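Structure first, then comments.
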2 protein chains.
Amino acid sequence: MTPPLHLSLAGQAVEALRELVLSGEIPVGERVNEVELAQRLGISRGPLREAIRHLASEGLLVLVPHRGARVPVADADEVRALFELRTALECAAAQLAAQRRTAADVTALHEVVAESRRSLRAGARFPHRLDLAFHRTLLAAARSPQIAEQVRLVQQRVVLLRTTLDEDPSHQHASMDDHDRLVEAVEAGDGGLAAEAMRLHLARVCAQMLAAVTARG
Amino acid sequence: MTPPLHLSLAGQAVEALRELVLSGEIPVGERVNEVELAQRLGISRGPLREAIRHLASEGLLVLVPHRGARVPVADADEVRALFELRTALECAAAQLAAQRRTAADVTALHEVVAESRRSLRAGARFPHRLDLAFHRTLLAAARSPQIAEQVRLVQQRVVLLRTTLDEDPSHQHASMDDHDRLVEAVEAGDGGLAAEAMRLHLARVCAQMLAAVTARG
DNA sequence: GTGTTGTTGACTGTCGACAGTTGACAGCTT
DNA sequence: AAGCTGTCAACTGTCGACAGTCAACAACAC
């Protein structure tokens with residue numbers, strides 16, 4: 001419990017807290033109490049503070065001096081700004097992926113898309129898991145570690161938005177088709193087309209989320 | 001010494017450490033000693049650790065478990081990866097700037113360019129300060145806070161590279177011309193042209209840095 | 001002389017406690 | 001009754017100390 005076996009307590013706390021936030025177990029807008037949470041995780045306040053600051057640097061928490069940390073609430077303007085960033089990153093990634101993809105990359109993309117279609121046909125639901133898998137597979141083909149890392153952080157924030165939003169099944173088919181066009185462009189090695197397909201895809205997802213945000217508040 | 005007057009000790013430590021790293025006062029590759037640095041800044045290890053972790057999350061330090069933090073050394077691959085990220089962000093910013101720029105934005109850009117030309121003619125030197133100012137002015141015109149923040153972080157890492165690199169005056173005139181073309185595209189409101197101009201500009205800067213890196217270290 | 005192993009030192013990771021600040025509640029004034 | 005002021009509790013920010021770990025050095029075997 002005390003000696004860092006393989007991962008430091010702070011590192012474990014980061015992952016534990018990340019899961020708590022992303023799963024929605026800590027409600028949006030809720031303040032985080034350091035002592036209480038530290039006891040809950042069975043560690044001291046020191047490592048927990050490190051974890052909180054780390055998650056804050058990733059945008060999963062907002063820090064208020066002397067008032068602790070809160071899970072940020074989604075604002076329409078913030079959604080727009082976040083998707084502008086995501087679009088910049090993922091369009092570039094799509095372009096690079098189209099230029100650098102290997103046969104293995106294309107195969108992996110086809111597999112993810114196929115599994116998504118199966119899942120959508122069977123359970124009438126398009127799991128976020130497979131959507132994330134698709135974007136990550138595409139990212140892997142881009143072979144740009146720095147962009148990949150930033151995209152991971154942004155996608156994480158989008159996941160945080162999703163936990164508070166309802167989903168419209170009609171959009172899932174549209175996203176599916178977007179993914180198809182994306183794979184096609186990447187397979188053809190057309191960077192410009194891939195970037196444009198990604199731009200349209202993200203514009204659609206952004207519009208969906210904006211609608212959900214304005215509807216809920 | 002003890003009460004947080006307006007900014008917490010950790011916050012002050014972040015800025016102090018950032019300056020120490022960016023100014024090169026802490027040599028590249030040098031390990032940071034927590035106790036020694038804490039005494040030097042007149043604070044305890046707690047806030048200093050927070051500052052170190054924060055700077056690490058910004059990429060200005062790398063953390064090695066049980067071995068503390070080091071100022072990262074520039075690798076050719078890392079330079080390429082970093083500029084891929086920077087290109088993705090700043091091209092998007094240039095495109096948005098071209099679409100959203102106001103008359104005031106264009107005036108500000110012209111002023112920065114004019115001052116740069118004066119400085120270059122007079123002192124035969126193109127200060128990094130004005131280069132940064134140009135990119136920040138362009139960024140302000142894009143009106144995307146999320147992208148702006150990420151660009152700021154990336155540029156900071158580039159500055160860190162610059163502190164260890166020599167400069168070739170011949171490239172400064174080229175950069176100057178790049179800026180001119182950029183302003184022209186933004187003023188015309190041509191997003192695609194602005195993005196392409198930025199891509200070329202950054203490709204040139206990246207090549208310059210790669211040459212310096214491979215020559216030196 | 002080279003490779004291996006035991007020891008030592010310095011440093012990080014972690015903890016518990018204290019001080020300062022913030023927000024809220026109660027009491028007083030008008 | 002409404003507004004203001006003083007007090008109080010809870011929480012964060014900070015500190016110093018302890019324990020565990022890693023790397024370098026020295027002694028030894030081969």
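In this text, all values refer to a predicted model and were calculated from it rather than measured experimentally. All chains are named by letter (A, B, ...) in the order of the sequence lines, taking the proteins before the strands, and each is independently numbered beginning at 1.
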Practice prompt. Answer yes or no: does a side-chain N or O of Arg49(B) lie under 4.0 Å from OP1 or OP2 of dC11(C)?
Written response: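 No, no such contact exists.
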Practice prompt. Report yes if a side-chain nitrogen or oxygen of Asn33(B) is closer than 4.0 Å to either non-bridging phosphate oxygen (OP1 or OP2) of dA10(C); otherwise report no.
Written response: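 Checking dA10(C) against Asn33(B), no side-chain N or O comes under 4.0 Å of OP1 or OP2.
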Gap between atoms [atom1] and [atom2], on [X] and [N] respectively (whole Å):
X        : N       : atom1 : atom2 : value
His66(B) : dA23(D) : NE2   : C1'   : 13 Å
Leu63(B) : dC11(C) : CG    : P     : 17 Å
Arg31(B) : dC11(C) : CZ    : C1'   : 7 Å
Leu7(B)  : dG13(D) : CG    : P     : 11 Å
Leu37(B) : dT12(C) : CG    : P     : 10 Å

Discussion item. Salt bridge or not between Arg31(B) and Glu36(B)? Use side-chain N to carboxylate O under 4.0 Å.
Written reply: no
Practice prompt. May I ask you to decide whether Arg143(A) forms a salt bridge with Glu84(B), counting only side-chain N to carboxylate O separations under 4.0 Å?
Written response: no
Worksheet item: Through what angle, rounded to 10 degrees, does the axis of the helix from dG1(C)-dC30(D) to dT30(C)-dA1(D) turn between its ends, using five pairs per end?
Response: 10°
Worksheet item: In chain order, what residues pass the ring-ring contact (aromatic ring centres under 6.0 Å, His included) check against Phe134(A), with sequence neighbours excluded?
Response: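 Checked Phe134(A) against ring-ring contact (aromatic ring centres under 6.0 Å, His included); matches are His179(A).
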Fill in: Minimum-distance nucleotide (side-chain atoms of Glu34(A) versus dG13(D), dA17(D), dG16(C))
dG13(D)
Worksheet item: What nucleotide, of dT22(C), dT14(C), dC15(D), holds the atom closest to the side chain of Ile43(B)?
Response: dC15(D)
Item to complete: Verify the distance criterion only: is there a donor paired with an acceptor across the side chains of His54(B) and Glu50(B) at less than 3.5 Å?
Response: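 No, because no side-chain N or O of His54(B) sits under 3.5 Å from a partner of the opposite role on Glu50(B).
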Worksheet item: Okay, side chain of Ser119(B), backbone of Glu115(B): is any donor-acceptor separation there less than 3.5 Å?
Response: no
